[in-house]
Amino acid sequence: MLRITGGRVYDPANGVDGQIRDVCIADGRIAAAVGDGARTLDASGMVIFPGGVDVHTHVAGGAINFARAMTPEDHRRTVAFIRTQTQRSGLGGMAPTTFATGYLYAGMGWTTLNEAAVPILSAKHTHEELRDVPIVDKSCCVLMANNEIVLDLLENGELERAKQVVAWQIWASKAYGVKAVNPGGVAAWKWGKDAKQLSETVEGYRKLTPGTIITGLAQIIDELGLPHPLHLHCNNLGAPGNYTTTLESMKSLEGHRAHLAHLQYHAYGGDDWNTMRSETEAIADYFNAHSNLTADAGAVLFGNTVTITADGPWQHLLYKLTGRKWGNLDVENETGCGIVPYTYRPSNIVNAVQWASGLELLLMIKDPWRVSLSTDHPNGACFWRYPEILQLLMSADFRRDCMAKMSEEAKRRIRLPELDREYSLFEIAIITSAGPARALGLSNKGHLGIGADADIAVYNQDQDISRMFSHPRYVIKHGEIVIEEGEIRATPLGRSYVIKPQYESTIEEYLRPLFEDCYTMQFENYPVELERVEHAELRNCIPAE
Amino acid sequence: MRNRADLVIYWGGNPAECHPRHFTKYALMPKGKHLPRGRKDRTMVLVDIRETKSVKAADIFLQIRPGRDFEVLTILRAIVKGQYVNPAMVAETGLTIEQLRDLVDRMKRARFGVMFFGMGLSMTRGKHMNSSAILTLAAELNAYTKFVAMPMRGHGNVTGADVIMRWTTGYPFGISFDRGYPRFNPGEFSTVDLLVRGDTDAALILGADPGATMPQPAIDHLARIPTIVLDPKVTHTSRLARVHITTAVTGISAPGTGYRMDEVPLPLRPALKSPYPTDEEVVRRIHELVRVKPDWLVHQPRTTQQVF
Amino acid sequence: MNLTVVKNATCTFCGCVCDDIELHANSERIVEAKAACILGKSWFLNHTAERAYPSALIDGREAELDDAIAVAAEYLDKAHLPLVYGLSNVTCEAQREAVSLAERLGGVVDSHTSL
Amino acid sequence: MLQLTLKQNPPVPLEAELISPDTLARMSLDEIRALPLQLGKHRRRLDEFFDISGAPGLELKLIGDLSRVKWLGRGMSQGRIEIVGNAGMHLGARMKGGEIEVHGNTGDWLGAEMSQGTIRVRGDAGGQVGAAYRGSVSGMKNGTIIIDGTAGLEIGMRMRRGLIVVGKRVKDFAGLQMKGGTILLRAGSEIRAGAWMVRGTIISLAPLPLLPTFATSCSHNPLFLRLLARQLADWDIALPALDDQGTYDCYSGDSSVPGKGELLIWRPRNGSTVQ
């Protein structure tokens, strides 16, 4: 039992905006009151947030694990976590080890994360890794938009059967949601092609287009009633002029819920790299008017990172542009995953536009509930740099200081200089916690109402926003103090959220031969056993009538 | 690749004898969705230093002189980019420039090419640079078509070891924890080097029999220091060890998970009950005994700037 | 005598790790490994559930398992730089334990990959 | 001058990155005695392994067979280390200045990723001299490494600037993926010298097996060699650079990258030799 007194509480879901009040914790949850015997933390001069929730990150799975092996030089540069009696060792950096991932997230007050891209064959592997990510709670999205079985069904208009297949695959992979990456494009990349336009037929199909895949999947997910809507990484990522593709994608989603991942990468105008500019205003305008959509920013920060994505075509382009090392992972799998170490530089106009676009979206999307903080870790920047973005959002002056280093040409391509909006702490609590929790459909997360999970971050009130959010005074996970005065106090195992959508068992007989043919493994050997998922917690679907 | 690979290259490996079902189940024979005629829709190239049983399965066999893999791969990289190659020196590899140009043409024309490389490449002179050469070639071919390269792992679950070390430590093998956090330096912390230099003073060996395979100076050092072996059999290494513990056989009498060489994990379903404990259980029990001994790391800070 | 039948069994002999093997076993040995290749067959059929070897050896003499584990822990704990090596023909679960032990020991962990 | 004499050969390698002029010059003798060294996982005091004499300062003399002592002079920026005996791996790695002289042999990664300073080895060196560590973009960025004896694999791997001179024949992959700087092989090398080099110069005074991806360009005595010869004369190392002694056959490559590195192979006139 624990009582936190004297702190300013920011709990947007319950309309609490910086009022000083006690937060009580019993049995891992927020309670109305606790007895006198409870330990009391004096949080005077501090602010209290619900623990951060990351709706889109890549921290476990074949791709990030490949990136780890590709960046030994980066591991050497970072501060190392030393083993203790209770804590495993780890290395941070661009692709942190699993243990370090848990320490680093908790170390800045984040307590829940969503691994956004799990190739179906990697599901078992991903869960094995997630078991070794301590402290935080986890969920993951399984990739479906280039799944050959699903695509064949969509091609033939067999939506009902596709729904059954999707439901089976979600449960078999012990996923929480469905991710669509470059729908049809990754399938085409297996032929060295891409799918850039929504209405273009996907290479290898007669009539299937990215548009049909998006609408089909969004409809399936709504019908299954998944708590998290279709998690969409739009086609044509990162390419100049791609904002039209993004607008088309958003239009094709009318009438359905959807979450648009790393929207920044999909908001570019221009015809080529020389004329590339920000088109965030067009994106934000449409987005503001359509409440069926949520998004995460996919913001970019200047500096080193390693880019990994299931979007093979984009990765190969990046490799050609940069000439740096490149790894392309490919199994019997619908992911042509690429990995390229990359440095974003303010002197580079393209990078400057990317940097500005992420911030512009966060500032121009009016409803903070519908846009979450993300960097598409590690693609735009590493997650442990989130505090720097919060500082940029909260201070227009700081943004101007940063822009001073950029060329005039770069400034002509962006809208950021005109934007004066500054985030309040209340709004920060929305985009870092309350909003993403709501987008994920995790009703016990992202707020401090009675009965919510006691996942709490307590920060010093500090003028230096970046410092403030980098060094929480206390982080509480499920009622347990895990970080205190910058030290890791405990490393409990987190929980994993899993969905079991309904499907007819007859679908297994349909799937078996297709599955065995596609994936060269036995159907029975595929499903991830529930007991292999650390502290699995089943969440309900509410199927549409 | 089962469904798409129309050009399959095996380099320095003998799948017919070492991975008998690789041809039939995975890469060569199966009819794929986009290769309806199976084997007929694929071209298979075998590159090796001698004629093995795999040659029969190949459309094209390129026999190169021993120890010239790196040169051949480097020449291929140059030809791919239309760069200069000294024709007189090409002959020293055992191949002609025409053969190599033809190979590059086929690579570029392929819709989906795959190169599997075996220990004949990765364990011969040049070692990691040979692997690096074939991976780089594959990456560069992606400028023309879809191409991948993949090692043909020899033993059961070596891929699992690789994958697990990567996520727990950030590095794939050869990791030292002596400073309380993982450090990686092949050549320094790799087993043969450590043993040959005599730089380690105790060894726990499981799932391997170095006493049968390593160079003699390495084996001599294992015999000098306290060596502990976990194995289902009494092995060569067990005979020179201080301690041998018999364990259940992976996948036959010990359950768990194993990784396929393409990093896909599969469940192991044992058919027998072993009278012996599993490796997992023995290692855990050793760990429990070590855990209660005084910790060598008590006075360290929790995080540190790295030495290296 | 009834045979146990295990379907979709996985063979870990070579790196292919085929998972479509059907094993037929009595209480002591596997008598059939359907779908396995020649290498896989000999791998499966050559192992038995019998006590073919002593539980443990210490300095070449038969010993109790508990004693061998205790001696092993003692040697490894005392060493300045112990080595944990191999990890090929063991399960992932054993590999995870081995990495964790190496970390506890402050030693080196390495696999066949480094050869 | 501070003198450290090794008392006993450590049972496993001893990591001694703190033994460098930068650290020791600021310390009292008592502090130096207590300096932590890493013996495997165990932390030990310096005086367990070394006898100490003399006074702390920027000059340091190490005596004994230190072939198991790693990371001596790591990152040093000033002063001088003289080693009478052998030295272990990573000697002078990442050094930023100062001088190291070894009257004996050294282990691998001598002067790896160094950025300034001078290392002279009277005996043999191991592999990866002046090289990049695994994954690093560049090896030595500047400075000089002179080895009188042999050296191992991958010397100068990914080096960007600076000079490496090796007296006797080196092993494979000299100048692997080199990006700049100069390697002088006074007795040639085994195979694959200059593999995947991007830029930079490898000079060999003995015949060298070439990769097929190097093209003959010309035969001449480039002017910069005279400057290099003058510089090397300070070290009592002769470099032929005059037409009456012979000429250099020049090759460019590695075309697989494609790179613009150069390989210069000395062809003496009428059997004139260089010692």
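Atoms considered below: every heavy atom in the structure, side chains included; atoms not considered: hydrogens, waters and symmetry mates. Each chain gets a letter, A, B and so on, in the order the sequences are listed, and its residues count up from 1. If you're wondering where the values come from, they're calculated on a predicted model, not measured in any experiment.
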Check your understanding: Say you draw a straight line from CE of A:Met521 to CG of B:Leu266; how long is it, rounded to the nearest 0.5 Å?
Key -> 4.5 Å

Study note, to complete from the structure: So, the part of A:Thr101 with a heavy atom under 4.5 Å from chain B: the answer is neither

Review point. Short question: side chain of B:Gln306, backbone of A:Thr78 - any donor-acceptor pair under 3.5 Å?
Key: yes

Check your understanding: Hey, what do you get for CG (A:Leu121) to CG (B:Asp262), rounding to the nearest 0.5 Å?
Key -> 7.5 Å

**Study point:** Side-chain donor/acceptor of A:Glu128 to backbone N/O of B:Ile164, under 3.5 Å
**Key:** no

Revision key, fill the gap. So, the part of B:Thr304 with a heavy atom under 4.5 Å from chain A: the answer is both

Study note, to complete from the structure: Closest non-hydrogen atoms of B:Tyr181 and A:Phe81, given as atom of the first, atom of the second and distance, are CB-O, 3.8 Å

Practice item. May I ask you to test the B:Leu297-A:Ile82 pair for a side-chain heavy-atom distance under 4.5 Å? Key: yes

Review point. Listed by chain and number, what are the salt bridge (charged side-chain N to carboxylate O under 4.0 Å, His left out) partners of A:Arg77, not counting sequence neighbours?
Key: A:Asp74

Review point. Are the ring centres of B:Tyr171 and A:His75 closer than 6.0 Å?
Key: yes

Practice item. Verify the distance criterion only: is there a donor paired with an acceptor across the side chains of B:Thr169 and A:Arg68 at less than 3.5 Å? Key: no

Review point. Between A:Asp132, A:Val79, A:Asn525, which shows the greatest number of heavy-atom pairs under 4.5 Å with chain B?
Key: A:Asn525

Practice item. Against chain B, work out which of A:Asn65, A:Ile64, A:Thr97 has the most heavy-atom pairs shorter than 4.5 Å and name it. Key: A:Asn65

Point to revise | Residue selection (most heavy-atom pairs with chain B, distance under 4.5 Å) from A:Gly92, A:Ser89, A:Ala80, A:Gly90 | key: A:Ala80

Exercise for review: Take B:Trp167 and A:Arg131 through the side-chain contact (heavy atoms from CB on, under 4.5 Å) test and state the conclusion after the steps.
Suggested key: CA-CA 11 Å; B:Trp167 89 61; A:Arg131 278 167 67 191; over 6 Å; no

Exercise for review: Answer with side chain, backbone, both or neither: which region of B:Arg269 has an atom nearer than 4.5 Å to a non-hydrogen atom of chain A?
Suggested key: side chain

Exercise for review: Taking side-chain hydrogen bond (donor to acceptor under 3.5 Å, both in side chains) as the test, write out the residues that go with A:Glu115, two or more places apart.
Suggested key: none

Check your understanding: Quick one: NZ on A:Lys124 to OG1 on B:Thr257, what's the gap to the nearest 0.5 Å?
Key -> 6.5 Å

Exercise for review: Could you tell me whether the side chain of B:Arg166 and the main chain of A:Ala69 form a donor-acceptor pair under 3.5 Å?
Suggested key: no

Revision key, fill the gap. Taken to the nearest 0.5 Å, the spacing of B:Thr303 OG1 from A:Ile488 CD1 works out to 8.0 Å

